[in-house]
Number of protein chains: 2
Amino acid sequence: MTRSRSEPGKTSTQSAERRTRSLNRQRVIEATIAMVDRDGADAFSLRALASELGVTPMALYNHVASKRDLLVSAADRILASAKFDHGETNWRLQIEGCFRALREVCIRHPGTARLMEIEGIAPSAVFGPMEVTLDALSKVGLNPTDAMRAYFTLVSFTLAQVSYQTRGPFSHLDPAEAIRKQNLSASLVELVREALPASSSWDFDRAFEYGLSLILDGIEKS
Amino acid sequence: MTRSRSEPGKTSTQSAERRTRSLNRQRVIEATIAMVDRDGADAFSLRALASELGVTPMALYNHVASKRDLLVSAADRILASAKFDHGETNWRLQIEGCFRALREVCIRHPGTARLMEIEGIAPSAVFGPMEVTLDALSKVGLNPTDAMRAYFTLVSFTLAQVSYQTRGPFSHLDPAEAIRKQNLSASLVELVREALPASSSWDFDRAFEYGLSLILDGIEKS
DNA sequence: ACCTGAACACCGTTCAAGT
DNA sequence: ACCTGAACACCGTTCAAGT
């Protein structure tokens, strides 16, 4: 399992470094991503990861500064696999493609949304679609400040929608009880039952596209 | 500190229940809210709460089913203190007032946003502004499905903006490094430095109002 | 340079016992 | 009915020691 046969022309003094002995940073990060996608970001622990890698928890610290450092790197790597720029020239298609890509990579890795909600890991995701969006918005004539505000509106919306979809925050939810607590009218109950994202008929794709079009329509109007 | 002098006409057999001895559910929830607002939702623990209440951790379990139950109740109570319906008749003012109220109660309790991100606690907040918003949207002619989608766009946006503001996710952020990681052009750096929410010149209030108006413009157009 | 083992200071929660 | 104390099965991380 530890043999490495590649590039046989190297001297044996280098073989100590090159031998793919157990751990290395990349392997740790990849195992983290797999584990987070499988069990969720909240269930992830260094001890469980170590056990899955067949190693002592402390062995991880040779390749990772802390749990937080590891999770940041995992989120970074996931986000880096997305392409936000598709060479579109139309500003609206440019932005749509950008945030569809962000949404898709988060859905492909179901642990991502939750991962980014853990202490300040989101920021790296924040820069990903920024350049192409600001470029597109300058075409519509938005000044830099408004463009940045519009950009954060789009990011907020997209990440929250993914979060709803992948975490299913409505699984623990009793509409009737919530409506009673908030003193809402009973007429809501029926509507909520059939239209709420909790129900199986809720179409997350179409809900996302609808919200995205609302924001883009708003930008177009201004 | 434990004496209760109200309603002196009661018999002494009831005094055992009425004596405000140490704990009760309301006191536990109130202490939780204060602690979460002071130290943050992530730092909150039952053991720390018990110690602050001068009691054994296990004493809490007489008034609370679990940590999650306690956090849900704390979030519920905070949200219940908000008034979403201000008796407006204009649909746009109706929605604006509703989400400004949601945002304000979350900012008044800085731990709220993070609290709601912890396992499925958000849902109760989700119902709060729902009724008034759906009512307003029906005036514009949106069908129930689109109205629900627009509503979740507004909720997503509002809660995420509060989250950015209260948690300050950009404090741990190095724009230059992030831009390098994401292969972004260097021309972004300068723009980011002065326009990003990290900078002190970022106006969260105006950014919120701008994003809100984008979404409402989008609704108005449709 | 990389890994182990024991230890520290924490968690949420269960259970048996006290009053 | 309410509280305590000991215990269980976990955490992230430090430190000293091995190779």
Side-chain angles (χ1 to χ4, degrees), chain A residues 1-4 11-29 31-32 35-36 39-74 114-115 118-121 172, chain B residues 1-2 4 10-29 31-32 35-36 39-74 114-115 118-121 172:
Chain A
M1 190 183 281
T2 68
R3 83 197 64 192
S4 99
T11 70
S12 64
T13 55
Q14 294 174 319
S15 71
E17 319 164 27
R18 291 181 54 258
R19 223 172 321 163
T20 156
R21 272 236 169 278
S22 54
L23 252 43
N24 72 57
R25 186 166 232 265
Q26 174 172 324
R27 226 166 81 77
V28 171
I29 292 175
T32 298
M35 211 168 170
V36 165
D39 304 328
D42 292 304
F44 176 81
S45 79
L46 291 182
R47 294 178 115 107
L49 175 66
S51 145
E52 192 154 287
L53 288 170
V55 94
T56 275
M58 287 308 95
L60 300 171
Y61 280 87
N62 290 307
H63 310 94
V64 142
S66 66
K67 182 183 184 180
R68 197 186 123 75
D69 167 47
L70 175 56
L71 292 180
V72 169
S73 296
R114 185 78 188 108
L115 196 59
I118 299 178
E119 295 206 54
I121 291 182
H172 300 287
Chain B
M1 188 183 280
T2 67
S4 99
K10 295 289 182 176
T11 71
S12 64
T13 55
Q14 295 175 315
S15 71
E17 322 165 22
R18 292 180 55 258
R19 223 173 319 164
T20 156
R21 273 240 168 274
S22 55
L23 252 43
N24 73 56
R25 185 163 233 266
Q26 174 172 324
R27 228 167 80 77
V28 171
I29 292 176
T32 298
M35 210 168 175
V36 164
D39 304 329
D42 292 304
F44 176 80
S45 79
L46 291 181
R47 294 178 114 107
L49 175 67
S51 146
E52 193 154 285
L53 288 170
V55 93
T56 274
M58 287 311 92
L60 299 172
Y61 280 86
N62 289 307
H63 309 95
V64 140
S66 64
K67 182 181 184 181
R68 197 186 123 77
D69 167 48
L70 174 55
L71 292 180
V72 169
S73 296
R114 185 77 188 109
L115 196 60
I118 297 178
E119 295 206 54
I121 291 183
H172 301 288

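Chain naming here is simple, since letters A, B, ... match the order of the sequence lines and numbering starts at 1 in each.
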Could you run down nucleotides 12-17 of chain C 5' to 3' and tag each one B, S or - for protein heavy-atom contact under 4.0 Å? BBB---
Closest heavy-atom pair, A:L115 versus A:A74, reported as atoms and distance to 0.1 Å, is CD2-CB, 4.3 Å
What's the separation between atom OG1 in B:T32 and atom CZ in B:F44, rounded to the nearest 0.5 Å? 4.0 Å
Contiguous Watson-Crick or G-U pair runs (3 or more, under 3.5 Å) in DNA chain D: C:4-8 with D:12-16, C:12-16 with D:4-8
Supply the atom-to-atom distance A:L60 CG to A:S66 OG, rounded to the nearest 0.5 angstrom. 11.5 Å
Distance from A:Q26 atom CD to A:H63 atom NE2, nearest 0.5 Å? 12.0 Å
Spacing of A:R25 atom CZ relative to C:dA1 atom P, expressed in whole Å: 17 Å
Please determine whether a side-chain nitrogen or oxygen atom of A:H63 lies at a distance below 4.0 Å from atom OP1 or OP2 of C:dA1. no
First locate atom CG of B:L53, then atom CG of B:L46, and finally report the distance between them rounded to the nearest 0.5 Å. 10.5 Å
B:L53 CG to D:dT4 P: how many Å, rounded? 11 Å
B:T56 (side chain) donor-acceptor with B:A59 (main chain) under 3.5 angstrom: no
Could you tell me how far apart B:N24 (CG) and D:dC3 (P) are, to the nearest whole angstrom? 9 Å
Return the CZ to CD1 distance between B:R114 and A:I118, rounded to the nearest 0.5 Å. 7.0 Å
Looking at B:P57, is its backbone amide N or carbonyl O close enough to the side chain of B:R47 to form a donor-acceptor pair, meaning the two atoms are under 3.5 Å apart? no
